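As a basis for the values below, the full set of heavy atoms in this structure was taken, side chains included, without hydrogen atoms, waters or symmetry mates. Quantities reported herein were computed from a predicted structural model and do not represent experimental measurements.
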Amino acid sequence: LMTDMETALLDKLPVADVWGVGRRYAVKLPILGIRTARHLRDVDLDWFSKKFPVTLQRVVLELRGIDAHVESDNTVSRQSGMTFSHPLMDYQSIKNALDIQARYLSEKLTEEGLLACVFGISIFTNRFEDDFEAPCMSVRFNRETAYMPTFSRAVSFALPHIFNPARMYRGCRCFAYDLVKATDRQNGLFEDRTRSMKEEKLQKVVGEIERRYGRNTMAVGGSIGLG
């Protein structure tokens with residue numbers, strides 16, 4: 001999480017002066033309302049990825065404190081998000097929505113045999129308004145995981161840092177970064193392997209139940225009934 005001082009510096013830095021932006025985008029970004037480094041950092045990455053190349057998406061990740069410039073499988077990311085049917089200001093409703101997306105993301109990674117080193121969340125206001133913002137925060141895990149309860153705990157930790165009770169939010173997203181193949185994961189020297197095995201078995205059981213009875217059969221406590 002960036003300090004207030006770091007954010008203030010990004011507020012003063014024109015987007016044209018951000019390393020990696022280039023002349024072409026230095027002209028195009030301000031037209032879309034992305035005038036400062038902070039605007040670029042807080043952009044809705046899903047919307048941004050549809051308009052700009054991977055090289056510029058990596059600049060956004062770097063501004064968020066995520067190393068994404070090394071060309072390797074670890075820089076691959078996955079995400080799951082939603083736009084709300086109506087604007088939300090209620091903290092618990094937004095948290096429930098994020099829990100649902102975290103669960104979907106956990107399922108996606110498990111199906112692909114991937115684990116995440118970093119998990120992030122973002123909530124965003126109306127992108128068509130002048131005061132649009134999409135604050136985000138990332139959490140780096142001690143060990144790679146796709147475990148649903150771990151993602152949910154990360155949501156609980158990160159959301160209070162970026163939620164503003166005075167704003168109306170139009171949607172949310174969860175991200176998984178620095179992915180590794182589950183088969184390539186190395187156990188830590190002091191890792192509780194018994195716990196890891198239990199988590200892996202539970203993840204498989206949940207996946208099997210949802211494949212048999214439907215995707216929203218099981219959910220994180222507070223999000224039940226919201227899928």
Side-chain polar contacts of residues 112-122 - donor-acceptor pairs under 3.5 angstrom, sequence neighbours left out - could you list them?
{"residue": "Glu112", "atom": "OE1", "partner": "Arg78", "partner atom": "NE", "Å": "3.1"}
{"residue": "Glu112", "atom": "OE1", "partner": "Arg78", "partner atom": "NH2", "Å": "2.8"}
{"residue": "Glu112", "atom": "OE2", "partner": "Arg78", "partner atom": "NE", "Å": "3.2"}
{"residue": "Ser122", "atom": "OG", "partner": "Pro135", "partner atom": "O", "Å": "3.3"}

For this session: Under the salt bridge (charged side-chain N to carboxylate O under 4.0 Å, His left out) rule, collect the residues that match up with Asp131, sequence neighbours excluded.
Result: Arg167
Problem set entry | Which residues share a side-chain contact (heavy atoms from CB on, under 4.5 Å) with Asp90, sequence neighbours left out | Gln92, Ser93
For this session: Measure centre to centre between the rings of Tyr169 and Phe84, then say whether the value is under 6.0 Å.
Result: no
Problem set entry | Sidechain-backbone polar pair: Gln57 side chain, Phe52 backbone, donor-acceptor under 3.5 Å | yes
Sequence neighbours left out, cut at 3.5 Å: what donor-acceptor pairs do the side chains of residues 27-39 make with other protein atoms?
{"residue": "Thr36", "atom": "OG1", "partner": "Arg38", "partner atom": "N", "Å": "3.3"}
{"residue": "Thr36", "atom": "OG1", "partner": "His39", "partner atom": "N", "Å": "3.2"}
{"residue": "Thr36", "atom": "OG1", "partner": "His39", "partner atom": "ND1", "Å": "3.4"}
{"residue": "Arg38", "atom": "NH1", "partner": "Asp11", "partner atom": "OD2", "Å": "3.0"}
{"residue": "His39", "atom": "ND1", "partner": "Arg35", "partner atom": "N", "Å": "3.0"}
{"residue": "His39", "atom": "ND1", "partner": "Thr36", "partner atom": "N", "Å": "3.3"}

Seminar exercise, completed: Contacts of Phe175 meeting ring-ring contact (aromatic ring centres under 6.0 Å, His included) (sequence neighbours excluded), chain-then-number -> Tyr177
Seminar exercise, completed: For Arg173, the salt bridge (charged side-chain N to carboxylate O under 4.0 Å, His left out) test, sequence neighbours excluded, returns Asp44, Asp46
For this session: Hey, can you tell me if Phe141 and Phe151 have their rings parallel, tilted or perpendicular (30° and 60° cut-offs)?
Result: parallel
For this session: Check side chain to side chain donor-acceptor pair (under 3.5 Å) between Gln79 and all other residues, then give those that pass, not counting sequence neighbours.
Result: none
For this session: Indicate yes or no: at least one non-hydrogen side-chain atom of Leu40 is less than 4.5 angstrom from one of Phe48.
Result: yes
Problem set entry | Results of ring-ring contact (aromatic ring centres under 6.0 Å, His included) for Tyr91 - residues two or more places apart only | Phe163
Exercise. Quick one: side-chain contact (heavy atoms from CB on, under 4.5 Å) partners of Ala16, sequence neighbours excluded?
Worked result: Ala26
Problem set entry | Side chain to side chain, Val60 and Leu63, heavy atoms closer than 4.5 Å | no
Seminar exercise, completed: Apart from Phe128 itself, members of its ILVMFWY cluster (side-chain separation under 4.5 Å) are none
Seminar exercise, completed: Those residues at least two apart in sequence (or on a different chain) that pass side-chain contact (heavy atoms from CB on, under 4.5 Å) with Met168 are Pro87, Met89
For this session: Output all residues satisfying side-chain contact (heavy atoms from CB on, under 4.5 Å) with Pro14, sequence neighbours left out; order by chain, then residue number.
Result: Asp17
Exercise. Is a donor on one side and an acceptor on the other found under 3.5 Å between the side chain of Ser106 and the backbone of Ala102?
Worked result: no
Seminar exercise, completed: Arg127 and Trp47 have their tightest heavy-atom pair at NH2-CB, 3.4 Å
